[in-house]
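One structure below.
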Amino acid sequence: MMHNDVEYVMLTEEQIDKRVRELAAELDEYYKGKIPLVVCILKGSTLFFTDLIRRMETKLTTDFMRVSSYGSGFVSSGVVALEKDLTVDIKGRDVLIVEDIMDSGNTLFKLKEVLGSREPADIKIVTLLDKPCRRTAPIQPDFRGFEIDDKFVVGYGLDFEEMYRNLPYIGILKPSVYEK
Ligand code: IMP
Ligand code: MG
């Protein structure tokens, strides 16, 4: 069973739900009178994205992007490939990028550069998790759920080798899982 692979739960479903509602309220306040384009970064952000937008009362539109930062294992490289682009023009739009976790910041730094060149009115980043101690790129989230230590986490959209995305909480895997 999947849960047997988890060493401990770092953030419970209840903690995540409470924080997501708070973030939604902060975003509603920020986007008052605007119609932001809320962009889900596949695949890790899917659970956070769907929970976040359903808690927001702001009128908004959505789109999806997939970027991959090549690099093996746990460390992302500085090279970011656009695997699936947006389907709408963002010129003049207020764009909100929804990310699962900010680690080195490389992925979002590059992504912000790409989207910024398309002349949006505004680009903001909301990340559920932030590991500021790991940051190497000059970028910070505008809104964030939780600051966490330098530990590899899974669940609530986040994966290890594509698995564990469907855990309803955020947890740490047992060392034996990585050794397999
Ligand atoms: P960055 O470019 O180094 O900020 O990497 C961000 C991406 O790395 C995230 O979107 C995740 O896909 C992945 N990542 C970073 N830390 C973790 C983690 O603790 N668990 C799962 N994925 C992670
Ligand atoms: Mg990932």
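Positions are given from 1 along the sequence. First listed ligand is number 1; within each ligand, the first listed atom is number 1. Worth saying up front: this structure is predicted, and the values here are computed from it rather than measured.
Within the structure, side-chain hydrogen bond (donor to acceptor under 3.5 Å, both in side chains) pairs that include any residue of residues 167-176 comprise H3-Y169 (at least two apart or interchain).
Where the criterion is an N or O separation shorter than 3.5 Å, residue side chain and backbone included, M102 fails it with respect to ligand 1. For ligand 1, the polar-atom distance check finds no N/O of L108 at less than 3.5 Å from any of the ligand's N/O atoms.
In this structure, G105 is part of the shell of residues with a heavy atom less than 4.0 angstrom from ligand 1. The closest approach between K151 and ligand 1 falls below 4.0 Å for a heavy atom of the residue. Proximity of R134 to ligand 1 is not established, as no heavy-atom distance is less than 4.0 Å. Residue contact check for ligand 1: D100 places a non-hydrogen atom closer than 4.0 Å to it.
Heavy atoms of L129 found under 4.0 angstrom from ligand 1: none, in either backbone or side chain. When heavy-atom distances to ligand 1 are checked against a 4.0 Å cut-off, L158 comes that close only through its side chain, counted from C-beta outward.
Look at K18 and E14 and you find no salt bridge, because none of the NZ, NE, NH1 or NH2 atoms lies under 4.0 Å from a carboxylate O. Electrostatic pairing of D130 and R135 counts as a salt bridge here, judged by a charged N lying under 4.0 Å from a carboxylate O. Taking the charged nitrogens against the carboxylate oxygens, R19 and D17 have no contact shorter than 4.0 Å, which rules out a salt bridge. D51 has no carboxylate O lying under 4.0 Å from a charged side-chain N of R55, or vice versa, which leaves the two without a salt bridge. Taking the charged nitrogens against the carboxylate oxygens, D85 and R118 do have a contact shorter than 4.0 Å, which makes a salt bridge.
Selection from S104, G157, G44, S45 by nearest heavy atom to atom 1 (P) of ligand 1 gives S104.
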Requested in this report: Let me see the working for V98 and L128 under side-chain contact (heavy atoms from CB on, under 4.5 Å), right down to the final yes or no.
Outcome: CA-CA 8 Å; V98 181; L128 178 69; over 6 Å; no

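With ligand atoms numbered from 1 in the order given, ligand 1 contributes 1 (P), 2 (O), 5 (O), 6 (C) to contacts under 4.0 Å with heavy atoms of T107. In summary, the atoms of ligand 1 found under 4.0 Å from a heavy atom of E99, numbered by their order in the structure, are 10 (O). Set against the non-hydrogen atoms of D159, the atoms of ligand 1 under 4.0 Å away are 21 (C). Those atoms of ligand 1 with a heavy atom of K131 less than 4.0 angstrom away are 16 (N), 17 (C), 18 (C), 19 (O).
Using the six-membered ring where Trp is involved, F152 and Y178 have ring planes that are perpendicular, over 60° apart on the 30 and 60° scheme.
Remark: E147 engages P132, R144 in a side chain to side chain contact (heavy atoms under 4.5 Å, CB included) (not counting sequence neighbours).
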